Amino acid sequence: MSVSAEMIWDSAQSLLRSRIAPETYDLWFQPVQAIDLSDDCITLQVINEFSDTWLKDHHFGVLREVLAQAAKRPLQVKLKVGGGVANGVPSSVTGSRNPEAERLQAEDAASARGGRFNSNYRFESFVVGTSNDFAHAAALAVAQAPGQIYNPLFLYGDVGLGKTHLLQAIGRHVADHKKKARVMYRSSEEFTNEYIDSIQKSELSRFRKACRQTDLLLIDDVQFLSGKERIQEEFFHTFNALYDGRKQIVLTCDRPASELPNLQKRLVSRFEGGLVAGLELPDVETRGAILRKKQESLGVKLSDEVLQFIAGCIRTNVRRLEGALVRVATYARLIGKQLTVETVEGLLGEFWNENSRHPISIESIQEKVARHFDLRVADLTGKRRPERIAFPRQIAMCLARKFTGCSLSIIGEAFGGRDHGTVLHACRTVKDRMEVDLHVREVVLGLEKTCQR
Ligand code: ADP
Ligand code: MG
């Protein structure tokens, strides 16, 4: 290891400490090491894929600045994942001669250990976009090092946004990579039923033992625990036993735990005590990417125009998006020729009805956002930048990106000739603030609903 790389990193670390909050520093920068330095590039080693993503998304600017300052010259910064934990998403083609057979074996092994996973719900088939990158990175990090980093992991989001997919991907990954790990996957309803069943059959202690001896507990849709006192009590003790034994727990829910009615406070605080990650509605590009990926597994090749059309119209839920695609794909296979947008529009009639058929325009978003913040549309498209205007403007850009299907440049143009980078930055800012500020989250989610009306 080059000594000067270390020296530069050393002084960069002191600069960082003076610039960012100690918790942030400890969490993200403390474990980083400098491993290589050339004339114009420094390579830093980070502990896992998740840190890599997080640093790139949230701290890359400041990282580059302090390194340049420490080195007294601009440096390119490379991050490299290293240190023990297997990194990267496992590929189904990692040199194995018969991947399908291996997959089936893994499936059997997984179900023998209590996992009953949908074979499509894997990390490889999950499309990552700004709406879900944090949840995806968190899930991957937990799958790679269960019980070691974030415990519990709490994933929340509206129906059909990929919670179960990620939850099962974690289970699958662990079952595939740690052959001895005991994985338990249950919906909270199944958990409840098994609990009641075990009481009726006087097998409570066996039930408890089974739950408390797993290495990875995955509970889907914990919102169903709401209002069920006894099962909450039981779950609390299961949770504690696993947590104390450093076993990984992952939970999904249709909303943040604190918003669940009739959930004991101590459970809320347990659920929120690890890492909480939200899944949002995917933007139009992510929806397009999901469609492109899914069409491969359906064995069809639709034109880009048709895919864009579907992605532009179905906005609220990935499951519905898939439903629409399956219908179109089935028809395309039947008639055996390329479909036009007009045909697809006819085919998907009932999907539109439920989804408000009219495309959402940038102007309508601007009007609704302006009204909400008591501003004029001209404020949003104008040049002035006080916070009371700048942040609503960023929200409006972010909503335009999510709902209109327009490109970043067109959106930028509609907001007083701003460039695409400004729009991208706006989307990131809004997303970041939603993660740390519940009030902002509520406002944006409320506006999302208003815009879709
Ligand atoms: P939830 O549990 O949040 O209601 P699911 O995980 O069941 O949603 O997802 C609904 C469907 O959408 C599933 O078929 C899932 O594979 C698919 N899906 C959701 N998000 C994505 C994504 N980002 N990439 C690929 N498929 C996705
Ligand atoms: Mg689900």
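Ligands are counted one by one from 1 in listed order, and the atoms in each one are counted from 1 as well. Every value quoted in this text rests on a predicted model; they were computed, and no experiment measured them.
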Taking the side chain as every heavy atom from C-beta outward, state whether Arg401 and Thr130 have any pair of such atoms under 4.5 Å apart. yes
Any donor-acceptor N or O pair under 3.5 Å, side chains Thr164, Asp220: yes
Under 30°, 30 to 60°, or over 60°: which ring-plane class applies to Phe207 and Tyr195, parallel, tilted or perpendicular? tilted
Under a 3.5 Å threshold, yes or no: a donor from one side chain and an acceptor from the other, between Thr429 and Asp432? no
If you scan protein heavy atoms around atom 23 (N) of ligand 1, the nearest is Val127 O, 2.8 Å
Can you classify the ring geometry of His165 versus Tyr121 as parallel (below 30°), tilted (30 to 60°) or perpendicular (above 60°)? parallel
Counting each atom of ligand 1 from 1 as listed, which ones have a heavy atom of Lys163 under 4.0 Å away? 1 (P), 2 (O), 3 (O), 4 (O), 6 (O), 8 (O)
Where on Thr286 is there a heavy atom closer than 4.0 Å to ligand 1, on the side chain, on the backbone, on both, or on neither? neither
Report yes if some N/O of Phe126 lies less than 3.5 Å from some N/O of ligand 1; otherwise report no. no
Out of all atoms in ligand 1, which are within 4.0 Å of some heavy atom of Val159? Include the element for each. 4 (O)
For atom 2 (O) of ligand 1, what's the nearest protein heavy atom and its distance? Thr164 OG1, 2.7 Å
Among Gln248, Lys178, Lys247, Lys180, side-chain hydrogen bond (donor to acceptor under 3.5 Å, both in side chains) partner for Asp215: Lys247
Please report which non-hydrogen protein atom sits nearest to atom 13 (C) of ligand 1, along with the residue it belongs to and the distance in Å to one decimal place. Tyr121 OH, 3.5 Å
If we only consider heavy atoms of Gly157, is any one of them less than 4.0 Å away from an atom in ligand 1? no
Look at the rings of Tyr156 and Phe154 and say which category their plane angle falls in: under 30° parallel, 30 to 60° tilted, over 60° perpendicular. tilted
Take a 6.0 Å sphere around CZ of Arg333 and say whether it holds more than 12 heavy atoms from other residues, nucleotides or ligands. yes
Does the Lys NZ or Arg CZ of Arg266 fall within the cation-pi geometry relative to Phe236 - under 6.0 Å from the ring centre and within 45° of the axis? yes
If you measure from each non-hydrogen atom of Ile290 to ligand 1, which part falls under 4.0 Å: side chain, backbone, both or neither? side chain
Evaluate Gly162 for polar contact with ligand 1, using N/O atom pairs at a separation under 3.5 Å. yes
Counting only heavy atoms closer than 4.0 Å, does ligand 1 sit against the backbone of Ser125, its side chain, both, or neither? backbone
Which is closest to atom 7 (O) of ligand 1 by heavy-atom distance: Arg319, Arg320, His165, Glu322? Arg319
Pair Lys431 + Asp133: basic N to acidic O under 4.0 Å: yes
Using 2.8 Å as the threshold, say whether any N, O or S atom from Thr252 sits that close to the Mg ion (ligand 2). no
Closest candidate by heavy atom, reference atom 26 (N) of ligand 1, pool Gln168, Arg287, Lys294: Lys294
N-O pairing of Arg441 and Glu280 below 4.0 Å: yes
Among all the protein's non-hydrogen atoms, which is closest to atom 12 (O) of ligand 1, and how far away is it? Val318 CG1, 3.2 Å
Considering non-hydrogen atoms of the protein only, which is the closest contact for atom 4 (O) of ligand 1, and what is the distance? Gly160 N, 2.6 Å
Ligand 1 to Asn132, heavy atom cutoff 4.0 Å, flagged ligand atoms 23 (N)
